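All values reported here derive from a predicted model rather than from experimental measurement. Lettering follows sequence order; numbering is per chain, from 1.
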2 protein chains.
Amino acid sequence: MTAKDRRIMALSLALAERKVIHLKEAAALMQVSEMTVRRDVAENPDLFGTLGAHIIPAGRPDLEAPYAIDRAAESHSVAKRQASIHALRYLQPDETVFIDCGSTLTHLVDLIPADTRLTVVCYAFNTAERMITKENITLILLGGVFHPTSASFAGASGADTLNALGINVAFLSASGVDRQRGVSCEQFHEVPIKRKAMEMAQRRYLVCDQSKIGRVRPAHFADVSDFDAIITEAGELPSDA
Amino acid sequence: MTAKDRRIMALSLALAERKVIHLKEAAALMQVSEMTVRRDVAENPDLFGTLGAHIIPAGRPDLEAPYAIDRAAESHSVAKRQASIHALRYLQPDETVFIDCGSTLTHLVDLIPADTRLTVVCYAFNTAERMITKENITLILLGGVFHPTSASFAGASGADTLNALGINVAFLSASGVDRQRGVSCEQFHEVPIKRKAMEMAQRRYLVCDQSKIGRVRPAHFADVSDFDAIITEAGELPSDA
DNA sequence: CGCTTACTGTTATTTTTATAACATTACTGG
DNA sequence: CCAGTAATGTTATAAAAATAACAGTAAGCG
């Protein structure tokens, strides 16, 4: 193994532990010039990426994607976050909370104050990811096969695990809400978990932006009347809307 | 809501979707000067962090920790990675693989080539995290309560799920390996899963660095003879070592 | 209205980072 | 041992980013 290989390995290693390392630091660490580290990094784009003078592990597609200016508007991010802000009012400290998958509720997770003690049950990767850094949250993840489309896990054991849990509040998401045809989502594999979570919870809230109202999506999982409230960016939806 | 609040919200929003946004881009996006964005970011250290001119979401403790020069040596990273390189030889494409928790095997995951088709079963967050970006891997995560010490999930449903799986190879980790007193780890909650995974698998490999040899840790989970091989940085350990 | 205060922008200056060119050292195969 | 090549370091220069100081602008309030 050449000195170069050793360096590259050392760098990968350091990056595996930290997520970032500064160019200058890396150079000092392996006792070579910054220029050499720069060249090492540039020669291994499959291993390393950079953010300014900071070296980061490669393969973070999110870091590379360009940002369409109105992508936020398109996906109703503002409305989703606003809805989550309203939903936050229904979250009591020290309770056990179910949080559904979907981008809307990741906002809710982001908005949970750091000092709020909670037990949170979820089955989406991006939800879990945001939770593990929060010290006051006990996280329960329902496992299963990973579905990339919704970044969530699905499997029989998820529903089983729910059976053994006492859930105070469930926050559900949906991509279609129709007074007659009920509440629906895109993925069928989410249905059993959503249903079971709703069944187990004392209180059930549907959180979504208003663009979902009137839409019908393939996987039906509940009726509008099954929820204690429907929360959108405008606050709680009147029950006769 | 003041214009400033709106900006800060917009920035959080953008960061929720992308993980990074460049200062210049952010300024353009909200039509203010870079200086204003800088000030917004600086005033909300609980919301935003920065890496050079790139704005990132706050609360990434890993990005802030200082790097002890010989922390890598202390934790035997090089040996661990080397052991994982050897272990890689026992991984066959198209098989179903169980991967234990622990830092050693995160190296193994990093080393899996992008084009290798696999079904991987795991129960550690950091293992799962590295897998979800790999397109050719079907991921099955065993859920349960999250244990921060080992970044893993534990619960009855994990072992249940394993029961329904056909596993070809299991890669186990350990923090103690003693010919007489067996193989052990730090956390008791890992034991049921480790045992069940070993029971279900056709082949069982223990992957650890040699510093673990001769050590005994609190939670015993197997005997040395239960493994088809023990793989360290020196390769396969002779069965009479 | 006029005053104060908070926000924002501009500019100048310093520091850091990026790039390129060239010099030096180390390694390779005859 | 001696090309010849790859690897590394050094330096110069250009570009980008960080900081500070000041100027203008908008908002709040008696």
Side-chain atoms of B:Ser33 come closest, of C:dT10, D:dA7, C:dT17, to C:dT10

Determine, stepwise, if the pair A:Ile137 / A:Arg117 fulfils side-chain contact (heavy atoms from CB on, under 4.5 Å). CA-CA 6 Å; A:Ile137 290 186; A:Arg117 292 174 92 82; over 6 Å; no

Please work out if A:His22 contacts a base, only the sugar-phosphate, or nothing of the nucleic acid, heavy-atom cut-off 4.0 Å. sugar-phosphate

First encountered from the 5' end of DNA chain C, between A:Arg39 and A:Glu34: A:Glu34

Answer yes or no: is there an ion pair linking A:Lys4 with A:Glu43, defined by an N-O contact shorter than 4.0 Å? yes

Nearest to the side chain of B:Arg38 - C:dT17, D:dA18, D:dT8? D:dA18

Quick note, A:Ala53 side chain, CB onward, closest among D:dA17, C:dT17, C:dA21 is C:dT17

What is the distance from NE2 of A:His54 to P of D:dA17, rounded to the nearest Å? 11 Å

Using five base pairs at each end, measure the axis-to-axis angle across the helix from C:dC1-D:dG30 to C:dG30-D:dC1 and round it to 10 degrees. 30°

Say you draw a straight line from CD1 of B:Ile230 to CG of B:Leu172; how long is it, rounded to the nearest 0.5 Å? 10.5 Å

Tell me: CG of B:Asp5 to P of C:dA6, nearest whole Å? 15 Å

Looking at the side chain of A:Arg7, which of C:dC7, D:dT8, D:dG9 is the nearest nucleotide? D:dT8

Spacing of B:Arg215 atom CZ and B:Ser175 atom OG [to the nearest 0.5 Å]: 6.0 Å

Separation of B:Thr138 OG1 from B:Met131 CE (nearest 0.5 Å): 11.0 Å

How many whole angstroms separate atom CD of B:Glu25 from atom P of D:dA17? 12 Å

Closer than 4.0 Å, any side-chain N/O of B:Lys24 to the OP1 or OP2 of D:dA17? yes

Tell me: CD of B:Gln31 to C1' of C:dG9, nearest whole Å? 15 Å

Name the closest nucleotide to the B:Thr36 side chain, picking from C:dT17, D:dT10, C:dT8. C:dT8

Whole angstroms only, please: what is the CG-P distance between B:Leu51 and C:dT17? 11 Å

Minimum-distance nucleotide (side-chain atoms of B:Leu23 versus C:dC7, C:dT17, D:dA18): D:dA18

For the pair made of CG in A:Asp40 and P in C:dA18, what is the distance, rounded to whole Å? 15 Å

Whole angstrom is fine here: how far is it from NZ in A:Lys4 over to C1' in D:dA7? 7 Å

Ring centres of B:Tyr205 and B:Phe98 under 6.0 Å apart? no

Inspect the contact between A:Arg89 and A:Glu236 and indicate whether a charged nitrogen and a carboxylate oxygen are less than 4.0 angstrom apart. no

Specify the separation, in whole Å, of atom CD1 of B:Ile55 and atom C1' of D:dA17. 13 Å

